[in-house]
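As the structure is a prediction and not an experimental result, all values here were calculated from the model. Because only heavy atoms are used, hydrogens play no part in the values below, and waters and symmetry mates are left out as well, while side chains stay in.
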Amino acid sequence: MRLRSDIWVSAYMRRCRIEGAFAYLRRRGAEEAGAIFIKLDSLDGSVRLFGPAPQYAVEDKGADRLFVELQLKGDIPALAAEEKLQREISFDPDLWVVEVEDRAGRHFLNVVEV
């Protein structure tokens, strides 16, 4: 059974704050099952963007939610990340967007390679 999106986001934001990163909710999605996107800003002008891992990458991993890094691997311009988020929102208006600011670039996510 999967944790509801609203509960997962709340716990994730709390974890970020406990670790010393600043996290805030940019967009509230569907409470039970909205997709979650994380925008990580290391405050140097570039960002990293994470979204839900494809279903084939999630099977048999044992984690509640797994993420993949979207677009190019590593840092991307902030404008490119915003454009990607807008495309995702136009496709799925029920998604969540959490923005994390951390100079060390920590994201605190379970990330898989696809």
Side-chain angles (χ1 to χ4, degrees):
M1 178 142 176
R2 193 172 195 180
L3 201 58
R4 290 171 40 132
S5 294
D6 58 345
I7 295 170
W8 190 94
V9 166
S10 178
Y12 175 71
M13 291 175 62
R14 183 173 293 125
R15 166 129 192 250
C16 290
R17 290 180 184 132
I18 287 171
E19 297 289 342
F22 182 71
Y24 58 94
L25 184 61
R26 290 221 359 229
R27 180 181 176 86
R28 178 177 291 277
E31 293 179 352
E32 286 88 24
I36 301 168
F37 288 79
I38 308 295
K39 180 181 172 189
L40 174 63
D41 188 346
S42 56
L43 304 173
D44 63 0
S46 57
V47 299
R48 293 170 69 192
L49 191 59
F50 299 88
Q55 191 62 37
Y56 68 84
V58 174
E59 295 172 357
D60 301 326
K61 298 288 190 207
D64 183 52
R65 292 196 186 256
L66 295 174
F67 291 83
V68 293
E69 193 163 356
L70 303 175
Q71 286 193 322
L72 304 174
K73 300 294 181 195
D75 295 340
I76 59 175
L79 183 58
E82 288 301 319
E83 289 170 350
K84 175 68 174 167
L85 284 174
Q86 289 307 312
R87 284 192 302 274
E88 292 292 340
I89 290 168
S90 69
F91 177 73
D92 180 9
D94 292 332
L95 64 83
W96 295 73
V97 178
V98 177
E99 186 154 346
V100 177
E101 294 177 349
D102 185 62
R103 291 190 189 278
R106 300 172 298 164
H107 51 73
F108 314 108
L109 298 168
N110 294 321
V111 178
V112 295
E113 295 290 326
V114 287

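In this structure, Phe108 and Ile38 have side chains that are not in contact, with every pair of non-hydrogen atoms separated by 4.5 Å or more. Contact check for Phe37 versus Ile89: no side-chain heavy atoms found under the 4.5 Å cut-off. Within the 4.5 Å cutoff, the side chain of Arg26 has heavy atoms near those of the Leu85 side chain. Counting heavy atoms from C-beta on, the side chains of His107 and Val100 never come closer than 4.5 Å.
A search for ring-ring contact (aromatic ring centres under 6.0 Å, His included) contacts involving Trp96 returns nothing, not counting sequence neighbours.
A 6.0 Å sphere centred on CZ of Arg103 holds no more than 12 heavy atoms belonging to other residues, nucleotides or ligands. More than 12 heavy atoms of other residues, nucleotides or ligands lie within 6.0 Å of CZ in Arg4, so this atom counts as buried by the packing criterion. Other residues, nucleotides and ligands contribute at most 12 non-hydrogen atoms within 6.0 Å of the CZ atom of Arg14.
The two residues Ala23 and Val98 have their closest heavy-atom pair at CB-CG1, 4.5 Å. Taking every heavy atom of both residues into account, Val47 and Ala81 meet most closely at CG2-CB, 3.3 Å. The shortest non-hydrogen separation linking Ile36 to Phe67 is O-CE2, 3.3 Å.
Residue Leu70 holds its CG atom at 13.0 Å from NZ of Lys39, rounded to the nearest 0.5 Å. Annotation: the span from Glu69 atom CD to Leu40 atom CG amounts to 8.5 Å, rounded to 0.5 Å. With values rounded to the nearest 0.5 angstrom, Cys16 atom SG is found 11.0 Å from Glu101 atom CD. Taken from CZ in Arg48 to CG in Asp41, the straight-line distance is 12.0 Å, to the nearest 0.5 Å. The OH atom of Tyr12 sits 11.5 Å away from the CZ atom of Arg17 when rounded to the nearest 0.5 Å. Going from atom CD of Glu88 over to atom CD of Gln86 covers 10.5 Å, rounded to the nearest 0.5 Å.
Between the side chain of Arg27 and the backbone N or O of Pro93, at least one donor-acceptor pair lies under 3.5 Å. Listed for the Ser10 side chain is no donor-acceptor partner under 3.5 Å among the backbone atoms of Ile7. In terms of modelled atom types and a separation under 3.5 Å, the side chain of Arg65 and the main chain of Pro52 share no donor-acceptor contact.
Taking the six-membered ring where the residue is Trp, Tyr24 and Phe22 present tilted rings, their angle falling between 30° and 60°.
Val97 is not connected to Leu43 by any chain of hydrophobic side-chain contacts under 4.5 Å among Ile, Leu, Val, Met, Phe, Trp and Tyr, and they are in different clusters.
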